[in-house]
Amino acid sequence: MNYSVIPEPREMQTGTKTLFTLTRLCNISSEAGCEKAEACLKKFLSDAFSLELLGTGKESVILRIDGTMQKSESYILTVKENEVQIIGSDEAGVFYGVQSLRQLLFQGNLELPEVYINDGPRFSYRGFMLDCGRYFFTKEAVFVFLEMMALHKLNTFHWHLSEDQGFRAQIMSKLLLTEIGSYRSHTNFNKRKHEGYYTVEDMKEIVEYAHRLCIKVIPEIDTPGHTVAMIAAYPELSCFDRDLTVATHWGVKHDVLCVGKESTFTFMQEVIDELLETFTDGAFHLGGDEVPVTRWRLCPHCQKRMKEEGLKNEGGLHTYYLDRMARYLKSKGTEPIMWNDSIKELMVSKDVTWQLWNDDMDKKDVVSEINSGRPFIMSNLRAYYLDLPYAQVSLKKTYEFEPVYEGIKKEKEHLVKGVEACLWTEFVPTMQKAGYCTYPRLGAFCETAWSPKEKKSYKSFLSKLPPYYSLLKGYGTDPASLSQANPGPVSKAGNLIWWERRKLCWAGLSNLIDNAYVKKTYGKK
Ligand code: ACM
Ligand code: ZN
């Protein structure tokens, strides 16, 4: 049989004759620093094969670290007669060796031929984002996502915790954020109420779980836009102290944080201070996307701030807010990240990482921004938005997208820190739908995140799908079939009609009506 690994390793050779069979007698011998890898392997053997090792036989799995190996997160895996050896450059390297071993053991039903794998990642940032603002996913569901991330050798969980439709992170000094902000009376999708939030203890547990899988967690509290749920809890956060309810529908909302009032900054800094006690991985996502300036144009606080700070227009207020919050995070030793809406007139400082999601910035602008020193994470929605229908983002498209654009200078390529796949959830109310959207696209995505560019081949990826599907199903996920993931013209058309029909709502009209009301009530007489 042909053994294979997803993501494709840098170098891999396999023999044909079985040399190693993992039985109950197998012994795992691991050095200090390999505890996470060992625990992961034992859990896999127990979950997938009901195997609890006795360690009395002659076969062994040896896990160790060789600090002289060049690149971090790298490993060499060898299988010889009665012995599997994984040598990692560090803790994560050994852990990723075990991820490859899991796939091989699964394919061979615990029998392995001679194997040599020499492997390490292309990008240091390999992310997956889960939007828990639109739909709340239970703690256990988040654990499943983390397990699947590890299997795909992804190392950064970007946790989108706040949205117009729900604020999910308990903040002890501001309990209304979750007591009011985590409940919406109905949803876009099925007209039922929806609620849920993570307690501080839940979040700590999730962070610990992620750390056991060599995954860092970056929380996102999206501001100053996408904040209707926060405003519903604390109206004073908005211009005109508006009395709103948590948004029921998707769409870009016009009520955003008032960045004229000093109290907004104090509030947000306190939120960040509390979250940094739980999220200790040194990065925080400020959001910053999709911020209409309608209210700021009318708000006396915002207008006063603009004058005092000498800002030319309301776009400048957006920059002012994000730059100030970014400085605050830096002062706490935490890296700020924000979405790339912050381009055009919004020139926040160069040391702030931008996460690219839309085509507002054309490739030329992205290249010039990187060449002038800006770090980037690539999440182009045309390839990496997992919520988009396969009719728009097919498996092939995800696979073939190249995140390092032509024109980026060699010496600046490191500023493309990596890539991230995003699962937005307004149309993803269940784990079943999440599975359909995420897999097999995450398999395609992780080959860009991890494998050397020259080793990527869509044809060879397709040939690895049968064992990959078995593995996914073994983990209880519900992937899209290959024909769903690469739809033909008829199902593509059906797919798009479904999607457009779902997006249809009255949000645009109600925005217009509400804007007219605000203008009449608060505008200059
Ligand atoms: C985004 O999709 N609004 C970041
Ligand atoms: Zn204001």
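In each ligand, atom 1 is the first atom listed, and ligand 1 is the first ligand listed. Quick caveat: nothing in here was measured; it's all calculated off a predicted structure.
The aromatic ring centres of Phe145 and Phe157 sit 6.0 Å or more apart.
Residues His194 and Thr187 have side chains that never bring a donor and an acceptor to within less than 3.5 angstrom of each other. For Tyr209 and Glu147, the side-chain atoms include at least one donor-acceptor pair closer than 3.5 Å.
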Any protein N or O within less than 3.5 Å of an N or O in ligand 1? List each pair with its distance, or say none.
from	atom 1	to	atom 2	distance (Å)
ligand 1	2 (O)	Tyr385	OH	2.7
ligand 1	3 (N)	Asp289	OD2	2.6
ligand 1	3 (N)	Glu290	OE1	3.3

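A salt bridge is absent between Lys456 and Glu447; no separation between the charged side-chain nitrogens and carboxylate oxygens falls under 4.0 Å. Using a cutoff of 4.0 Å between basic side-chain nitrogens and carboxylate oxygens, Lys332 and Asp273 are scored as salt-bridged. Ion pairing between Asp255 and Arg242 holds under the 4.0 Å rule for side-chain N and carboxylate O. Looking at Glu236 and Lys261, no side-chain N of the basic residue comes within less than 4.0 Å of a carboxylate O on the acidic one, giving no salt bridge.
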Side-chain donor-acceptor pairs of residues 171-181 under 3.5 Å, sequence neighbours excluded:
from	atom 1	to	atom 2	distance (Å)
Ser173	OG	Glu274	OE2	2.7
Lys174	NZ	Glu270	OE1	2.6
Thr178	OG1	Leu175	O	3.3

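For residues 387-404, the salt bridge (charged side-chain N to carboxylate O under 4.0 Å, His left out) pairs, not counting sequence neighbours, are Arg122-Glu402, Lys396-Glu400.
Within the protein, the N, O or S atoms sitting under 2.8 Å from the Zn ion (ligand 2) are Cys239 SG, Cys258 SG, Cys299 SG, Cys302 SG.
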